[in-house]
Structure formats: C-alpha cells, structure tokens
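The structure appears right after this line, and notes come after that.
Because the structure is predicted, anything quoted here is derived from the model rather than measured. For reference, positions follow the sequence shown, starting with 1.
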Amino acid sequence: MEKGYRVRDFIRKYLVWILICPVILISVLSLIVKWGAINVNTSGLIIDIATPIKLGDYVYYYISVVGIEVTGLLSYAIWRASMESNKLWKDISNKEENKDKEIIRESALIVYYDLVSNISILKMLYSTQMLKTKAVETNKLNIISDWVKNIGNLRDILTGKEIEILFNLYNSFSLLSELERNPNDESNELKTLVKQLSKKIFISVLLDHLWMDFNGATESILNNKYYPILRKIQLASKINLDNNEYSYNSEDGELCVNQNNEMVKYRGEFINGIIHNGTDEWHLDDGTLLYSLKCENGKIISGEYTNKFREESELIFNCKFNGEGKQTEGYTTTFYSPNIMKYQGLIIDGKYSGQGKYYANKNSLKLMFSGTFEKGKMLKGKYLNKSSKKIIYFKGEYFNKMPYSGNIECSEFFELDGTYGFKGMIKEGKPIDGSGYKFAQEIIDNEYVNEDYNGDTQVDGSDDYNDQYENIPEEMQQELNENYEREKNQNTFDDLKQNYGHVVELIKADWNHGDCTVYDDDIINKKHFAYSNWKKKEV
C-alpha cells in the first residue's frame, strides 16, 4: 500500500505540470504554423498545423494531450505497483524461509546438546556399572519434553531412516531415565539396558576403555551409525544453513566425512550411510591422532588407539581384531580395573605372547614381570614381588609356569623341590648354588582339626633384638647373640605348638654345585611356621 501512495503523491506533486504541459505544447505548435510547418500525423491525434488553430481545436488538442499523459502515468503506476508487489512477495517468502531455517537451527541446537549430554551420562554409567570405576557425582539422564517435535523439525535435513534411528535412541534414553529414577535392584534392568545401549552406539573395540577421557569429545566414541547423524545435526545448528556440507569425494573417489574440526573422520566406501570398507579416525584439535580403525565388510579388523594414562598419552593398543571385536594379534594394554594396569605388550591369538610387562594388582607402577611370554605364560625374564609369600625374585627361564633355570629368591614358606626359602641358582627346577632350609619335621596336635586350607601361614616372634651391652668384649658378643637366637627360636617354636595344630620345622642347608649340606641339629639353625587353618576341636 505504501508504494501506491507514493505514486499518487508523485501525481499530486506534478499535477500543475500535467495541466500546463498541453498548453505549452499547443502554443509551440501555433508558432510552428507561423513558420510554415506541415501536417503532424500520429496514431492517436491528427493535427493539421498548416492552418490556423481555432479555439475549439485548442480544447480538443488539450483534452487529447492530457489523455495521453494520464494513460502513460497509469501505465507507469501499474508497472511500479507490479514491481513493488513482486518485491514484497519475495520479502515475505524470504521471511518465511528464514523463519523455517531458524526453527530448524533452534531444534538442531537443542537436539544436538541434548544428545551429547545424555551420551556423556551413558558413558559414565557404563564406566561405573560395567567397568567398575569409582562412582562420581554426575547428572542424571534428562530427556527434553518436546523431543518428538524437535526431531520432526529436522525432517528436511535428515533421512527417514535417520529420524527413525533418533526416535529409537530417544525411546531408549527415556526408559533409561525412568529406571534411574526408580531402580529395581532385583531385576537389574538398569545395568542390562546400559550395557545393551552402550554396545549399540559406542565403537565396539573402545568399550573397555570408556573410563578414559577421550579429550572430552564424547562424540568421538560413537560408531559410524550414529556419528554422521550427530554431525548433520551439529552443522544444522549453525547460523549459516546454506553451508551444511560435511562430506565430499576425494580425488581417488572415496567418500570422506569430516569431524567438527574439519579433519577427516571417515574415508572409504559407504553402504546405507554406514562405512563398509575404509578407515574411521579421530584427530584432536592439535592434529594428534586419538585412534585409527580399519573396517572391512562393516566390521573393525585392525587399528591403533592412544589416550592419556598416568599423566601422559600412551599407546593403548595397535592390533588386529576378530569378527566379535576381540583383540587377536599385536600390541595391547590390559587393565585389572580402570587406572590399574595389568599387562602391556604383545599378544598372539588373544594371549600374551612375545615381549611384555606384567604389573602387580592395585598398583600399575609396580612392575612384577618383564620379559617374554608364550601362550599367556611367562617364558623368560625378570620377576619381582616382595610382598609375595611365594617367589620374591627370579630372573631366568620358566617351565610349566614355574621357575626352571636362573637366579631365585623364595619366601621361607614356599617349597621348591623340597627346599624352603631358597636363595641362589636353580637349574631344571632344582637348587644348584645357594642357601635355604630343608624339611626337618612336622608336629600335629590331635586336639586340633584341619579346616579347608587357604594357604595362610603364621610365624611368631620378632627380630627386634638389640645389643645393650656395649662394654662386653667382642669375643663374648658372638656367644651372647647365638644364645639369644636359640632362645628366640625356641620361644617361637613353643608358641606355635601351643596355638596351632600343625607346625613345620625346617633346618638350614647350603648347596654347592648341586650338593646339599645340612647344618647341625641345633635350634639356632632352625625355622618354624604353622598352618593357621588348624583350629581346636570343640569339646
């Protein structure tokens, strides 16, 4: 309407000229007559200027010229109105289109952050319930109330199959949220659903490592069925919807999919929107490779993975996988539980084989064995476990899981070929050079009963003797010390006999080139221990 008003304003503004122009034109024609001009013939008006113009002719000419002017102005007004109408229609269309884009952008933004948040919570639930990480305070699953509407608004950017996948995912999240609010410990439904859903959406070969940080990028652990959908939604949440490309074809014809920092995540052959043959990678913002996985026929067959552990980035695995996603051959790191390393080294057929390191439970920094493994068994290397009641130290070759040839130090409770507490060289499982204890006797009290043996042993007495006699001559100190040792050993033996039903007596011995020499039958040369599973009979 405003444009029309401007045309009328134009007519009002120049109305005087519209009325005067015909007069001026006719006057000019009158002058031309005086100068002997000839006839002027137009399709709308015939003027014979060879004869003088009469008053009636003035009126006729005036009305004709004004008519021509009005017709031209009306044509101009119609043209301007048409142009303004087209422009107005385009503006309205643009506003509607921008409104639709804004609805898509807003819905995509809501769905994207809702998915990322709930996937992060699912990752935490899997870590605490399946991987036994220490529980930390975290948000519970919270599904947006109008998720159906928001997903429906994305129908122009997602395929029907992708929308169906999102609906199923949200339904699973909704059920999981309900179970979180009302847990049923007897049926364990929450744990079962967490396990099933995690196996469905996370990369299979990274499931056992979900307790790790992944540099805070939760979307990096999504498998190739869910990540492209999330990537589409993320791009649609940006202001510029015209640049919504996240994939392209490389020079060799492979389809490439970029991650959010524009580095290539997928490269290869896609079938039904899922990578079938190719590679799945993730790069940190600084370009560092987090993982690279090779896919064949829709399954991961090999790959490498590096993540932060023990305050620095370490190679977690670089190996091959079977059809079920289990590691078969290559380099790997296994854990007793999150943050507690168990093994670091090579595997063949899923078993420790080749060079590797085995760590003590509950302390990933305490190396127990370093050397060569074969089919899961220690073959040759160095073993150290000071807290053990069996072998404390060994360096050499193993046979049937037992030290075979090399240097060894055993606990006084551990028997090796009839020898206890041996320290020295062994060959083919037998003491060669060193010292230890031989079996002397055992004392069994019939008032006691033997319960199921759990391997516990008991030693009484202590080693807190200190020489208090500084002025005693040196030649007498050895005799006093020996007498003290005799008394201490005898007291230990008497206490064990009184408190336990099964006491073992050992006597010191030395080995030289395989020959054994037993010390004198003196209490000072003896050690005693008892089996703690023997309890007194009830009367």
Side-chain angles (χ1 to χ4, degrees), residues 332-336 340-364 366-442 450 452-459 502-518 527-533:
T332 189
T333 306
T334 62
F335 299 85
Y336 290 105
I340 302 177
M341 187 184 294
K342 182 178 183 180
Y343 175 78
Q344 191 176 41
L346 301 176
I347 58 172
I348 296 177
D349 295 331
K351 297 180 179 180
Y352 308 152
S353 295
Q355 288 296 312
K357 297 178 180 179
Y358 193 87
Y359 292 85
N361 196 1
K362 298 182 180 179
N363 190 345
S364 291
K366 185 177 180 181
L367 182 62
M368 183 179 290
F369 177 81
S370 176
T372 306
F373 291 80
E374 186 178 69
K375 296 181 178 180
K377 301 175 183 178
M378 294 179 290
L379 186 64
K380 183 178 181 180
K382 182 177 179 181
Y383 174 92
L384 178 63
N385 188 8
K386 293 183 179 179
S387 62
S388 174
K389 290 185 178 181
K390 296 182 179 181
I391 300 172
I392 298 173
Y393 170 84
F394 177 69
K395 184 177 181 181
E397 298 179 2
Y398 287 80
F399 181 74
N400 287 337
K401 299 183 181 180
M402 290 294 295
Y404 194 62
S405 296
N407 282 307
I408 195 170
E409 179 181 351
C410 302
S411 164
E412 61 188 42
F413 309 117
F414 180 69
E415 180 185 1
L416 178 69
D417 191 42
T419 303
Y420 291 82
F422 180 76
K423 182 178 181 180
M425 286 287 299
I426 62 172
K427 184 176 181 181
E428 298 180 354
K430 300 181 182 296
I432 299 298
D433 292 292
S435 60
Y437 292 89
K438 295 291 289 183
F439 175 81
Q441 65 170 333
E442 61 182 347
N450 182 18
D452 292 336
Y453 179 53
N454 57 14
D456 290 339
T457 54
Q458 183 69 34
V459 175
H502 188 181
V503 179
V504 177
E505 182 179 83
L506 307 173
I507 187 166
K508 192 173 182 181
D510 288 335
W511 282 260
N512 185 16
H513 298 294
D515 296 328
C516 178
T517 302
V518 179
K527 287 270 186 184
H528 302 89
F529 68 86
Y531 291 95
S532 60
N533 57 302

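- Note: Glu442 CD to Glu505 CD = 11.0 Å, rounded to the nearest 0.5 Å.
- Although no hydrogens or angles enter the test, the distance criterion places a donor-acceptor pair under 3.5 Å between the side chain of Ser353 and the main chain of Lys375.
- Using modelled atom types, no side-chain atom of Asp433 and backbone atom of Met425 make a donor-acceptor pair closer than 3.5 Å.
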side-chain contact (heavy atoms from CB on, under 4.5 Å) between Lys430 and Thr419, intermediate numbers included: CA-CA 9 Å; Lys430 300 181 182 296; Thr419 303; over 6 Å; no
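- Expressed to the nearest 0.5 Å, how far CE of Met368 lies from OG of Ser370 amounts to 13.0 Å.
- A centroid separation of less than 6.0 Å is found between the aromatic rings of Tyr531 and Phe529.
- With rounding to the nearest 0.5 Å, the separation of CD1 in Ile432 from SG in Cys516 is 11.5 Å.
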Report the C-alpha separation of Tyr336 and Asn361 in whole Å, then their side-chain angles, then the decisive distance to 0.1 Å, and conclude whether the side-chain contact (heavy atoms from CB on, under 4.5 Å) test is met. CA-CA 7 Å; Tyr336 290 105; Asn361 196 1; 3.3 Å; yes
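- The environment of CG in Asp349 is sparse: at most 12 heavy-atom neighbours from other residues, nucleotides or ligands sit within 6.0 Å.
- Across all their heavy atoms, Ile391 and Tyr383 have their closest contact at O-CE2, 3.2 Å.
- The shortest distance between side-chain heavy atoms of Phe414 and Ile392 does not fall below 4.5 Å.
- A donor-acceptor pair is defined here as one N or O able to donate and one able to accept, closer than 3.5 Å; such a pair exists between the side chain of Thr334 and the backbone of Tyr343.
- Atom NZ of Lys423 is surrounded by 12 or fewer heavy atoms from other residues, nucleotides or ligands within 6.0 Å.
- Here the CZ atom belonging to Phe369 is positioned 12.5 Å from the OH atom belonging to Tyr359, to the nearest 0.5 angstrom.
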Under the criterion side-chain contact (heavy atoms from CB on, under 4.5 Å), I'd like the reasoning laid out for Leu379 against Tyr398: C-alpha separation, chi angles, the key distance, then a yes or no. CA-CA 5 Å; Leu379 186 64; Tyr398 287 80; 5.8 Å; no
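- Considering every non-hydrogen atom in both Leu506 and Glu412, the closest pair reads CD1-O, 3.8 Å.
- Side-chain atoms of Val504 and His528, non-hydrogen and from C-beta on, never get closer than 4.5 Å to each other.
- Heavy-atom minimum distance, Glu415 versus Tyr420: OE1-OH, 3.6 Å.
- Two residues are said to be in side-chain contact when any heavy atoms from C-beta on lie closer than 4.5 Å; Met402 and Phe394 fail this criterion.
- You'll find the side chain of Gln355 reaches within 4.5 Å of the side chain of Thr372, heavy atoms only.
- The aromatic rings of Phe399 and Tyr404 are tilted relative to each other, their planes meeting at an angle between 30° and 60°.
- Side chains of Tyr393 and Ile408 form no contact here, defined as non-hydrogen atoms less than 4.5 Å apart.
- Relative orientation of the Phe373 and Tyr358 rings is tilted, given thresholds of 30° and 60° on the angle between their planes.
- Atom-to-atom distance recorded for Lys390:NZ and Cys410:SG is 11.5 Å, nearest 0.5 angstrom.
- Rounded to the nearest 0.5 angstrom, Leu367 CG and Gln344 CD are separated by 9.5 Å.
- Side-chain N or O atoms of Ser405 include one that pairs as donor or acceptor with a backbone N or O of Glu428 at under 3.5 Å.
- Smallest separation of non-hydrogen atoms from Pro431 and Asp417: CD-OD2, 3.9 Å.
- Across every non-hydrogen atom of Lys438 and Trp511, the tightest pair is CD-CZ2, 3.5 Å.
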